[in-house]
Amino acid sequence: MSLEQKRILNTVIPGPKSAELQKRRSAAVSSGVGTMLPAFIEQAHGAILKDVDGNQLIDLGTGIGVVTIGHTNEGVVDAVQKQVAAFTHTLFTVTPYEKYVRAAELLIKHSPGSFAKKAAFFNSGAEAVENAVKIARRATGRHEIAVFDHAYHGRTSLTMAMNFKAHPYATGFGPLPGSVNHAPMSYPFRDPEGLTGEQAAARAITYLEKRVGATQLAALFIEPIQGEAGFIVPAPGFLRTLGAWCKENGIVMVADEVQSGMARTGKWFASQWEEGFEPDLVTVAKGIAGGMPLSGVVGRAEIMDAAHAGGLGGTFGGSPTALAAAVAVMEQFEQGNWLNRATEIGELISTRLNDMKTKFPVIGEVRGVGAMQAVEFIEPGTLNPNQAVSDAMLKHCHSNGVVLLNAGTYSNVIRMLPPLSISDELLHDALDVFEQGLASLS
Ligand code: PLZ
């Protein structure tokens, strides 16, 4: 199933057929489920989404970092079709299948840490995070967990308490579970100038030691590059210092790589950019299975084995079709040039955005690693968040056929998570639209 890799504007976006569908959607679908851009999609390939009105959009969002390998990647489509025809479900905990084991082996091989590892599979990122909490509590016999300011970990009852933003994730959905403690993050753009990663880590450690007590903590969860927060890259040394503190105190260090993992940053995992940082557990989802719903937890064998038999599971977790896709994705990442391509994409985007930063003072910072790049908008000459510009830019890009995502605690960040199969030409086209938007605003 191929699709010309070209942006095409056939109607206004969303077009009339999408508008009709949006009416049906409003009548039938809960208003609790939002939509950022109501253009209904009927086909996708590579970096292009084709909507029901025949418009072709450049996808720099990939469904929030999911279709990293590109839409309808041939290897993924083939693996899924073969698996669907062979069998769709047995439940691994009833009668197992090889793909589960193969995917675990691949994850073990490529995840951070040069120690014995094991893995387990689930359905969603939030479910992986919840299972990491269960495993860490079982392994340590402790209850408390810690997370960071600006973090995002999911929408289930436990993970909504682990998010920084109460709204929209937790408003009215309480009571929230206890034993979740929030610590200050390293946010170089907004931290006092010159604060090192080690100093930012010391600030977080003091906070946790005073507020909770190191001996009470089962696990410390961190996104090595924060996703929903707007691609906050902590100062070098932050992760390593926290990791060392966890090790000294018997705390399980969990890297939530649901958004930053799986080749996105030019390495298999973003944790691997920080020398000397080896999280005990890593949570994965999104990009692992080319769009099929799958998540996992991988990490130290003795911690993963702390859970008693029957303690972990779920009907659909590690479904054969999702795992067939995951094996196809990971084997391609092993063999192809995907990791380098993520780095090249990052260089192209950041060069263009940094050039725009010199022309448009509403850009406070351009940041990210590899194919995970963001722009934080400010009121010129200050650090004040500028959500109005972010909103206007999103609207401009969407109506011109470029799918981008917003982010950030202050909703003043635009992030780009393009598929790694995108061409330079399409990227430039999308960034031209972005630049035109900035020019028309100023
Ligand atoms: N951990 C780091 O980024 C998902 C949220 C989309 P699920 N982020 C996208 C939305 O608005 O619902 C995410 C993440 C990190 C965990 C999760 C949760 O993953 O697969 O959405 O449950």
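Basis for what follows: all heavy atoms, side chains included, without hydrogens, waters or symmetry-related copies. We count ligands from 1, going down the list as the structure has it; atoms in each ligand are counted the same way.
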Can a donor-acceptor pair be found, under 3.5 Å and without considering hydrogens, that links the side chain of [X] to the backbone of [Y]?
X      : Y      : answer
Arg7   : Gln56  : no
Glu376 : Gly408 : no
Gln83  : Phe87  : yes
Asn412 : Pro385 : no

Region of Lys286 engaging ligand 1 - heavy atom pairs below 4.0 Å: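 Under 4.0 Å from ligand 1, Lys286 contributes side-chain atoms alone.
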For ligand 1, the portion of Glu257 having any non-hydrogen atom under 4.0 Å away: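 Neither; nothing of Glu257 gets under 4.0 Å from ligand 1.
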Polar side chain donor-acceptor pair, His153 to Asp256, under 3.5 angstrom: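 Their side chains do contain a donor-acceptor pair, which is all the 3.5 Å distance test asks for.
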Which ligand 1 atoms does [X] reach within 4.0 Å, using its non-hydrogen atoms?
X      : result
Gly125 : 7 (P), 18 (C), 19 (O), 20 (O), 22 (O)
Glu223 : 2 (C)
Ser124 : 20 (O), 22 (O)
Gln259 : 3 (O), 8 (N)
Ala126 : 7 (P), 18 (C), 19 (O), 22 (O)

4.5 Å side-chain heavy-atom contact, Val147 and Asn181: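 Answer no - side chains too far apart.
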Within-cutoff protein neighbour (heavy atom, under 4.0 Å) for atom 21 (O) of ligand 1: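 Given the 4.0 Å limit, the answer for atom 21 (O) of ligand 1 is no, no protein heavy atom qualifies.
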Given Gln226, Arg264, Arg415, the one that forms side-chain hydrogen bond (donor to acceptor under 3.5 Å, both in side chains) with Gln259: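 Option passing the side-chain hydrogen bond (donor to acceptor under 3.5 Å, both in side chains) with Gln259: Arg415.
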Aromatic ring pairing Phe92/Tyr100, orientation class (parallel under 30°, perpendicular over 60°, tilted between):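 Ring orientation of Phe92 relative to Tyr100: parallel.
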Nearest protein heavy-atom contact for [atom]: which residue, which atom, what distance?
atom                    : result
atom 6 (C) of ligand 1  : Ile64 CD1, 3.7 Å
atom 1 (N) of ligand 1  : Asp256 OD2, 2.7 Å
atom 16 (C) of ligand 1 : His153 O, 3.3 Å
atom 12 (O) of ligand 1 : Arg155 NE, 2.6 Å

Atom pair CD/OG1 of Glu223 and Thr283 - distance to nearest 0.5 Å: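 Nearest 0.5 Å value for the CD-OG1 distance: 8.5 Å.
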Close approach, Gly227 and ligand 1, non-hydrogen under 4.0 angstrom: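 Outside the 4.0 Å threshold, so no.
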